[in-house]
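Numbered from 1 within each chain, the chains take letters A, B, ... in sequence-line order.
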Amino acid sequence: MKCRFWLLDLSEGVWEQRPCVRLWGIDEQNQRVVITATQIQPYFYLLPADDLDSAVKRIESDRERFPNVANISMEKRKLLGKEKTVLRVVCTQPHSVSIYAKLLPEVLGGRSFDDLKLSTRYLTDLKLTTCGWNECEVESISIEGITTDQTYLAKSLPTGAGSNAPPRLRILAFAVLLVGQRGSATPQRDPIRALAVATSSGGISVLTPSSDDSELLFSFTRAVDDFDPDIIVGYDTNKSAWHYLMQRAKIKKMKLTLGRDESEPHISLFGHFSIAGRANVDLADLASGIVEIKVKDLKNLATHFGVPIADRLTTRDDWERLGLWSDFSSRQKLLEDITMEAQASLELAQEAINYPLQLSAITGLPLDQVMAAAVGFRVDSYLLRIAHRLGELIPNKNELPFLTYRGALVQEPKAGVHQNVAVLDFASMYPSLMKKYNLSPDTLVGPGEEVSPDSVTLIPEVGHRFRKEPDGFYRIALSSLIEERARTKRELASVADEGTSRVMRERERAVKVITNACYGYAGWAGARWYVREVAESAAALGRQLITETIAKAMALGLEVIYSDTDSVFVSNITQKVRELTDWVKDPEMEIRVEREYQRVLFTEAMKRYAGLNPDGTLDIVGLEVVRGDWSDVARSVQENVLRAVLKHESTKMAIEGVHETVRRLRNHDVPLKSCIIWKTLTKPIEKYRVRTPQAEVARKLAAEGWHVTVGDKVAYVIVKGRGALFQRAKPYHEVSPEDLDVEYYVENQVKPAAMRILEGFGVAEAQLGV
DNA sequence: AAGGGCGCACTTTTGA
DNA sequence: TCAAAAGTGCGC
């Protein structure tokens, strides 16, 4: 019989002594299915240094060393466009692929390719769509431990069948309450205090242990079992909750059989926890990609997405939680916290899941992986499929030494306020240049290579040469992305249904993000297709293009106020701006008016400005207002100053605002929270060579038993006293308002932030003091 | 374990 | 006292 299924997850296993891939999905009857497939054996390619026959002989004559080689055959593939005959080395065991792919070149010389794990191999070879529909001829079987509605064996090679609307997904959200006796909770010492679960069927419950937490762990397992979710979601679960749950289970000698094959969660490829047959989604991964959210937490994420429940979330620090826990009468608050956290995670997942689903469908990474993977690996996965389609050998990941290269051009702005300014920019400049000039690893001409000058593009400044024909790997990949985006846009225009149109919008966004990441990818030393010359050439062509555009604007009599990378700020004279955009007249390199400011303010600095939009809102770029490492009090003062000078054109109003804040600060009338400075720990505390405030505070917290790790944001305030700044930085929860060094905030936060703007208006610093 | 690129502003510490 | 280095976070 034929099974049409929406592919949610993949796992690897063994079926009748053979390695198999399991495809976990949902069918059209909304039943959970799993298909066991054994058609593809694990393999990789070997391009030996010398002739193929002797390589085959050496492998076959050395069975002791290579016992897991099942067979070897010759195959034609391409290496950067050039035909090569390679050996396909089929292994009996999936894990042998990476071992032999490393070992054989050491023994025989040459290189190996396509070092993919079996499930990736399977997806790639069969062109299946993750988070999309696929088809397969199947027959029912029975496998012990598998809990899906239907269990099948694949009788044909499954095929991708497009990526239409997703089925109705069951989502389970959870949150744990972790409180230590002192400092951060430690699994060896502190049981899980409570666990809240919310499901997309409307159920919500809080589990609290009576004596120890084994019962809680058991109940959680049962809750997952009963509801049988497709997606398990929470906030920061990969870094915290899952580790804790697993450790507690281990201590209690229990198994957290959460998988659809009764297996336990395990750490997978990108440091996330993988659960067989389900997608474990950590919303922190979603937050990490959103630059507007400075302090990444669930409340800020929910607020960003406009989920109503955001208002009911309480952000607490560990020590505040410890305080509430210590007082028996306030424990209820903490239970409410995690209940809201679970409910909000659920609502957020429902609101925001379309984008990750589309990203998965486009890149071919399963949902849980695509969430956890960084941009580079998403691009990598996309390119891998294109390469395979083209018959290209897939280079293995290796850390190459890298060279930096010159990047984009930034022009000094004309400082001051400018009226009526148009901002023009090139749409997707770098990928467009890569496509237009066929910049690619396989079209790059070697330094000594003789070619006719007509057949190549010579890149200005850097002197690299790229063949105009045939189409290079990146051109093919980018074209297919750009076409996909155009197709999605067209479909979007004809879709009336709001649900479908949301899916399409997210698809378009996902395609765009992958497209724009290709330039950075090409210049990333960890990329499979890392070729510095490609990125370097795109940057050089970008500099040439923007330089010409600036010159043209000036020739047309437009005043050029500023330019950065792919944008120019010019006087907004409709006719001339039109002439400028027409001048480009290249369908592959479109420049368009992106924004129009009534007024825009520049200081002397690049990458920092504020513009007044026609609707009265402000765009604030680069200035303290948008920086997460300045106190709220300084940021809001600066924002008010900007609004006063740009919108109301009143420096008087601006100065009064500053006065008012300084007065309130000195009056202790500004909440302590507004004085917090957040800084990220960018390395382990022992690696700091300089005594920075955040490192000092982090050391202190660590000494008190709090877990502080790389990537954490440290919140501190500056208190009165003697000595360097780092000696006066304290964790804000230890500080009472009267200890605050108000003068520091006046002199080093509020004044600089305000003066940055006001000095261009002839305001002297003395006018701000009191 | 580490998880596109380079260009730039700015604060604080360091070390002579 | 001052310039350089370290550190962070931004823009595109």
Side-chain angles (χ1 to χ4, degrees), chain A residues 238 267 269-272 285 288-289 291-292 294 365 369-383 397 399 402-413 423 425-426 428-431 513-530 532 534-536 538-540 542-543 546 562-567 594 603-609 619-630 634 677-683 687-696 710-711 713-714 718 723-729 744 747-749 752-753 756:
Chain A
N238 280 327
I267 294 183
L269 218 51
F270 302 107
H272 66 290
D285 290 328
S288 72
V291 289
E292 289 83 1
K294 305 295 174 187
L365 287 169
Q369 290 183 31
V370 85
M371 288 293 288
V375 187
F377 293 115
R378 293 175 182 172
V379 175
D380 214 54
S381 176
Y382 177 77
L383 292 178
K397 284 183 200 165
E399 275 301 316
F402 70 100
L403 292 170
T404 54
Y405 60 89
R406 203 174 144 211
L409 221 57
V410 192
Q411 202 184 63
E412 296 262 347
V423 182
D425 72 29
F426 283 97
S428 303
M429 188 176 78
Y430 287 135
V513 166
I514 296 295
T515 310
N516 289 337
C518 285
Y519 155 75
Y521 173 89
W524 168 46
R528 288 181 197 267
W529 286 277
Y530 165 58
R532 190 200 78 247
V534 169
E536 188 169 37
R543 290 194 297 271
I546 203 70
Y562 175 63
S563 166
D564 183 351
T565 310
D566 59 354
S567 67
E594 200 58 39
T603 66
E604 312 262 310
M606 304 176 209
K607 297 187 182 279
R608 303 185 137 215
Y609 58 87
D619 278 352
I620 301 172
V621 179
L623 294 162
E624 281 74 4
V625 174
V626 297
R627 292 186 64 94
D629 58 348
W630 281 72
I677 297 166
W678 294 90
K679 282 224 158 79
T680 308
L681 282 183
T682 58
K683 48 189 172 188
K687 291 251 174 81
Y688 277 85
R689 290 159 62 178
V690 169
R691 301 184 73 178
T692 64
Q694 68 274 24
E696 292 293 307
V710 180
K713 276 219 194 293
V714 178
I718 303 300
L725 195 65
F726 68 80
Q727 291 164 310
R728 295 188 289 121
Y744 171 81
E747 292 299 323
N748 297 58
Q749 290 274 321
R756 188 101 51 228

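Residue A/Gly271 is in base contact, counting any heavy-atom pair closer than 4.0 Å across all strands shown. In this structure, A/Arg378 reaches neither bases nor backbone, as no heavy-atom distance under 4.0 Å exists between it and the strands shown. Residue A/Trp630 is in sugar-phosphate contact alone, with no base atom involved, counting any heavy-atom pair closer than 4.0 Å across all strands shown. Residue contacts shown for A/Gly376 are limited to sugar-phosphate atoms, with no base heavy atom under 4.0 Å away. As judged by a 4.0 angstrom heavy-atom cut-off over every strand, A/Ala535 is placed among residues making no nucleic acid contact. Across all strands, A/Phe377 comes closer than 4.0 Å only to sugar-phosphate atoms, never to a base (heavy-atom distances). As judged by a 4.0 angstrom heavy-atom cut-off over every strand, A/Ile677 is placed among residues making no nucleic acid contact. Residue-level contact check: A/Val621 touches the backbone only, with heavy atoms under 4.0 Å from sugar-phosphate atoms and none from bases. Using a 4.0 Å heavy-atom distance criterion, A/Arg756 is classed as a sugar-phosphate-only contact. Nucleic acid contact class of A/Thr404 (heavy atoms, under 4.0 Å, all strands): sugar-phosphate only. Residue A/Val626 is in sugar-phosphate contact alone, with no base atom involved, counting any heavy-atom pair closer than 4.0 Å across all strands shown. In this structure, A/Phe726 reaches the sugar-phosphate backbone alone: every heavy-atom distance under 4.0 Å involves primed, P, OP1 or OP2 atoms, never a base. The residue A/Lys683 sits close only to the backbone: its heavy atoms come under 4.0 Å of sugar-phosphate atoms, none of a base. A/Tyr744 comes within 4.0 angstrom of sugar-phosphate atoms only, judged by non-hydrogen atoms across all strands, and of no base.
Nearest to the side-chain atoms of A/Asp629 among the listed nucleotides C/dG9, B/dC8, B/dC6 stands C/dG9. When distances run from any side-chain atom of A/Ala372 to the nucleotides B/dG3, B/dC6, C/dG11, the shortest one goes to B/dG3. Closest to the A/Val690 side chain, of the nucleotides B/dT13, B/dG5, B/dA9, is B/dT13. Distances were taken from every side-chain heavy atom of A/Gln694 (C-beta onward) to each of B/dG5, B/dC10, C/dG7; the shortest belongs to C/dG7. When each of B/dA9, C/dG7, C/dC12 is scored by its nearest atom to the side-chain atoms of A/Ala605, the top-ranked nucleotide is B/dA9. Of the candidates B/dG5, C/dG11, B/dT13, the closest approach to any side-chain atom of A/Asp564 belongs to C/dG11.
In this structure, the NZ atom of A/Lys397 is 11 Å from the P atom of B/dG4, given to the nearest Å. Rounded to whole Å, atom C1' of C/dA5 lies 17 Å from atom CZ of A/Arg691. B/dC6 atom P lies 10 Å from atom CD of A/Glu536, rounded to whole Å. Counting to the nearest Å, the C1' atom of B/dT11 and the CG atom of A/Leu725 are 9 Å from each other. Atom NZ of A/Lys713 is separated from atom P of C/dG9 by 5 Å (rounded to the nearest Å). Look at NE2 on A/His272: it is 13 Å from C1' on B/dG3, rounded to the nearest Å. Distance A/Glu624 CD to B/dT11 P: 7 Å, rounded to the nearest Å. For the pair A/Lys294 NZ and C/dG9 C1', the interatomic distance rounds to 8 Å; values are reported in whole Å.
Residues A/Ile546 and A/Ser563 meet the side-chain proximity criterion, which asks for heavy atoms closer than 4.5 Å. Looking at A/Phe402 and A/Trp524, their side chains never come closer than 4.5 Å, going by heavy atoms from C-beta outward. Taking the side chain as every heavy atom from C-beta outward, A/Phe426 and A/Glu594 never approach each other to under 4.5 Å. Considering only heavy atoms from C-beta on, A/Phe726 stays 4.5 Å or farther from A/Val690 through its side chain.
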Show your working on salt bridge (Lys or Arg N to Asp or Glu O under 4.0 Å) between A/Glu604 and A/Arg756 and close with a plain yes or no. CA-CA 10 Å; A/Glu604 312 262 310; A/Arg756 188 101 51 228; over 6 Å; no

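Looking at A/Glu696 and A/Arg728, no side-chain N of the basic residue comes within less than 4.0 Å of a carboxylate O on the acidic one, giving no salt bridge.
Distances shown here put every side-chain N or O of A/Arg627 at or beyond 4.0 Å from the OP1 or OP2 atom of C/dG9. Distances shown here put every side-chain N or O of A/Lys679 at or beyond 4.0 Å from the OP1 or OP2 atom of B/dT11. Residue A/Asn748 has a polar side-chain atom (N or O) positioned under 4.0 Å from OP1 or OP2 of B/dT12. In this structure, A/Tyr688 does not reach the B/dT12 phosphate: none of its side-chain N or O atoms is under 4.0 Å from OP1 or OP2. Within the 4.0 Å cut-off from OP1 or OP2 of B/dC10, at least one side-chain nitrogen or oxygen of A/Arg608 is found. A sub-4.0 Å separation between OP1 or OP2 of C/dG9 and a side-chain N or O of A/Thr680 is present. Contact between the side-chain N/O atoms of A/Arg689 and the OP1/OP2 oxygens of B/dT12 is not found at any separation under 4.0 Å. Side-chain nitrogen and oxygen atoms of A/Lys607 include none within less than 4.0 Å of the OP1 or OP2 phosphate oxygen of B/dC10. At the phosphate of C/dC12, OP1 or OP2 sits under 4.0 Å from a side-chain N or O atom of A/Tyr609.
Taking for each of A/Glu412 and A/Asn516 the nucleotide of DNA chain B with the nearest heavy atom, the 5'-most of the two is the partner of A/Asn516.
Separating the C1' atom of B/dG4 from that of C/dG11 is a span of 16 Å, rounded to the nearest Å.
A/Lys294 contributes no side-chain N or O that, together with a main-chain N or O of A/Asp629, makes up a donor-acceptor pair within less than 3.5 Å.
Note: A/Phe270 and A/Phe377 have tilted aromatic rings, judged against thresholds of 30 and 60 degrees for the angle between ring planes.
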